[in-house]
Amino acid sequence: MLVLLRHGEQPIFTTRAHVFQIDPSTKKNWVPASKQAVTVSYFYDSTRNSYRIISVDGAKVIINSTITPNMTFTKTSQKFGQWADSRANTVFGLGFSSEQHLTKFAEKFQEVKEAAKLARDRSQEKIETSSNHSQESGRETPCSTRASSVNGTDDEKASHGGPADAQLKTENDKLKIALAQSSSSVKKWETELQTLRESNARLTSALQESAASVEHWKKQFTACKEENDQLRNKIEELEEQCNEINKEKERNAQLSRRLQELESELQDKNLELEELQKQGEIIPQLMSECESVSQKLQAAEKKNKDLEEKVRALRAEVEENKHRQSNLKTELKNFLDVLDGKIDELHDFRQGLSKLGIDN
């Protein structure tokens with residue numbers, strides 16, 4: 001870094017950024033000049049009244065760009081900017097960590113550019129002033145010659161006004177030297193201007209190619225963005241499908257619970273049915289008893305005909321049997337009614353089970 005610095009050159013602004021250079025072969029792609037973010041500084045040379053941007057990565061100088069009024073710093077994105085250096089015949093690019101750092105660097109570039117322009121204007125004014133003085137001195141010299149010829153020979157002039165003429169001659173020689181230097185400086189500036197124009201033409205072409213590359217990358221970015229949107233839509237669709245699957249699982253769980261409840265109810269009904277069947281087994285016995293009673297009644301009636309004499313004795317017994325038969329019939333009728341109701345309920349329950357099986 002010390003090798004680069006000139007006498008009287010001091011840093012005026014420092015930041016950190018990733019440094020890139022345009023590919024000299026394609027003039028389109030960016031080539032990284034640093035593996036990581038490095039220090040990038042503005043330097044001011046007070047002796048030459050010039051400004052430079054300098055950056056060093058280890059022992060390697062990656063930026064040594066003298067700022068001229070013709071340079072322009074362009075922001076190509078929120079964190080990236082570039083400028084063309086005709087003397088180095090390249091385009092430098094800087095990638096910053098934030099938009100704020102990029103804005104500060106761009107503002108400083110504009111400030112330094114204006115200062116360089118002001119310094120160039122002042123230098124041109126000095127050259128024009130020196131040129132005017134030289135031309136005026138050239139006009140005054142013939143007058144002095146004519147005056148000397150009118151007044152006499154050089155020896156006479158020296159004898160009359162020696163010190164004043166010697167001083168005038170010395171000043172005239174100085175002005176001639178300044179005029180010669182000014183002419184050579186003008187030629188030098190013209191040559192450098194022509195070189196700058198040629199470099200600007202090359203850099204303009206490079207910038208156009210860079211702009212085309214930027215458009216290409218913009219198209220790729222747009223395509224990637226569209227693909228990203230499509231993937232997001234697919235993800236949303238899959239999430240909706242997952243939600244529907246979860247809802248279906250919940251419905252299946254509810255149906256499973258309902259099925260378990262129905263199975264439990266079915267078991268209870270089966271138990272009730274078994275009890276009713278056990279009770280139903282008693283009915284034949286009751287029927288047989290009823291038939292037996294009827295037969296006995298018939299036998300008693302027959303005997304009543306045959307044994308009228310025993311009617312009075314047996315009347316009480318007959319009335320008692322009738323009363324018992326009446327009670328038995330009433331109980332049997334009640335039992336049959338209850339049994340019919342249970343059978344109807346069992347029939348309805350079986351129909352409900354058959355319907356439920358069909359629905360499932």
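From a predicted model like this one, the values you see are computed outputs, not experimental measurements.
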Novice: For atom NZ of Lys75, is the number of surrounding heavy atoms from other residues, nucleotides or ligands below 6.0 Å larger than 12?
Specialist: yes

Novice: Nearest 0.5 Å please: distance from the CG atom of Leu231 over to the CG atom of Leu238.
Specialist: 10.5 Å

Novice: Just wondering, do Leu94 and Phe105 contact through their side chains at under 4.5 Å, heavy atoms?
Specialist: yes

Novice: Is the closest side-chain donor-acceptor distance between Asp85 and Ser65 under 3.5 Å?
Specialist: yes

Novice: For Thr68 and Asn70, does a side-chain donor sit closer than 3.5 Å to a side-chain acceptor?
Specialist: no

Novice: In the structure I gave you, are the side-chain heavy atoms of Trp30 and Val91 within less than 4.5 Å of one another anywhere?
Specialist: yes

Novice: So, taking the atom named NZ in Lys27 and the one named CG in Asn29, what distance separates them when rounded to the nearest 0.5 Å?
Specialist: 12.5 Å

Novice: Show your reasoning for whether side-chain contact (heavy atoms from CB on, under 4.5 Å) applies to Val112 and Phe13.
Specialist: CA-CA 10 Å; Val112 170; Phe13 180 83; over 6 Å; no

Novice: Looking only at side chains, do Gln110 and Glu114 share a donor and an acceptor under 3.5 Å apart?
Specialist: yes

Novice: Taking all non-hydrogen atoms of both residues into account, name the closest pair between Thr66 and Met71 and its distance.
Specialist: O-CE, 2.9 Å

Novice: Take Val56 and Val38, measure what side-chain contact (heavy atoms from CB on, under 4.5 Å) needs, and give me the verdict at the end.
Specialist: CA-CA 7 Å; Val56 177; Val38 295; over 6 Å; no

Novice: For the residue pair Phe73 and Phe109, categorise the inter-ring angle as parallel (less than 30°), tilted (30 to 60°) or perpendicular (more than 60°).
Specialist: tilted

Novice: Can you list the steps and then say if Lys225 with Thr222 is a side-chain contact (heavy atoms from CB on, under 4.5 Å)?
Specialist: CA-CA 5 Å; Lys225 187 176 181 181; Thr222 303; 5.5 Å; no

Novice: Are Lys269 and Glu345 within salt-bridge range, i.e. N to O under 4.0 Å?
Specialist: no

Novice: If you measure from CG on Asp229 to CD on Glu226, what distance do you get to the nearest 0.5 Å?
Specialist: 7.5 Å

Novice: Applying a strict under-4.5 Å side-chain criterion to I, L, V, M, F, W and Y, I'd like to know whether Ile12 and Val40 cluster together.
Specialist: yes

Novice: Which Ile, Leu, Val, Met, Phe, Trp or Tyr residues join Leu353 in one cluster when any pair of side-chain heavy atoms under 4.5 Å counts as a link?
Specialist: Leu266, Phe349

Novice: Identify all side-chain donor-acceptor contacts of residues 248-262 below 3.5 Å with residues at least two apart in sequence or on another chain.
Specialist:
from   : atom 1 : to     : atom 2 : distance (Å)
Glu248 : OE1    : Arg251 : NE     : 3.3
Glu248 : OE1    : Arg251 : NH2    : 2.2
Asn252 : ND2    : Glu248 : O      : 3.3
Ser256 : OG     : Asn252 : O      : 2.9
Arg258 : NH1    : Glu261 : OE1    : 3.4

Novice: Using the test side-chain contact (heavy atoms from CB on, under 4.5 Å), find all partners of Ala115 that sit at least two apart in sequence or belong to another chain.
Specialist: Tyr51

Novice: Would you indicate whether Lys108, at its atom NZ, is surrounded by more than 12 heavy atoms from other residues, nucleotides or ligands within a distance under 6.0 Å?
Specialist: yes

Novice: Can you list every pair that meets side-chain hydrogen bond (donor to acceptor under 3.5 Å, both in side chains) and has a residue in residues 327-341, with sequence neighbours left out?
Specialist: His323-Asn327

Novice: Testing the basics here: between Ile54 and Phe43, what is the closest heavy-atom pair and its distance to 0.1 Å?
Specialist: CD1-CD1, 3.8 Å

Novice: Once rounded to the nearest 0.5 Å, what's the spacing between atom OG of Ser46 and atom CD of Glu9?
Specialist: 9.0 Å

Novice: List the atom pairs, donor and acceptor, that lie under 3.5 Å between side-chain atoms in residues 283-294 and the rest of the protein, sequence neighbours left out.
Specialist:
from   : atom 1 : to     : atom 2 : distance (Å)
Ser288 : OG     : Pro284 : O      : 3.2
Ser288 : OG     : Gln285 : O      : 2.6
Ser294 : OG     : Cys290 : O      : 2.9

Novice: Just checking Gln351: does its CD atom have more than 12 heavy atoms from other residues, nucleotides or ligands closer to it than 6.0 angstrom?
Specialist: yes

Novice: To the nearest 0.5 Å, tell me how far Thr76 OG1 sits from Gln82 CD.
Specialist: 5.5 Å

Novice: With rounding to the nearest 0.5 angstrom, report the CG to CG distance, Leu332 to Leu339.
Specialist: 10.0 Å

Novice: Name all residues meeting the ring pair (Phe, Tyr, Trp, His ring centres under 6.0 Å) criterion together with Phe20; count only those two or more places apart in sequence or in a different chain, and write none if there are none.
Specialist: Phe80

Novice: What are the two closest non-hydrogen atoms of Phe96 and Arg16, and how far apart are they?
Specialist: CD2-O, 3.8 Å

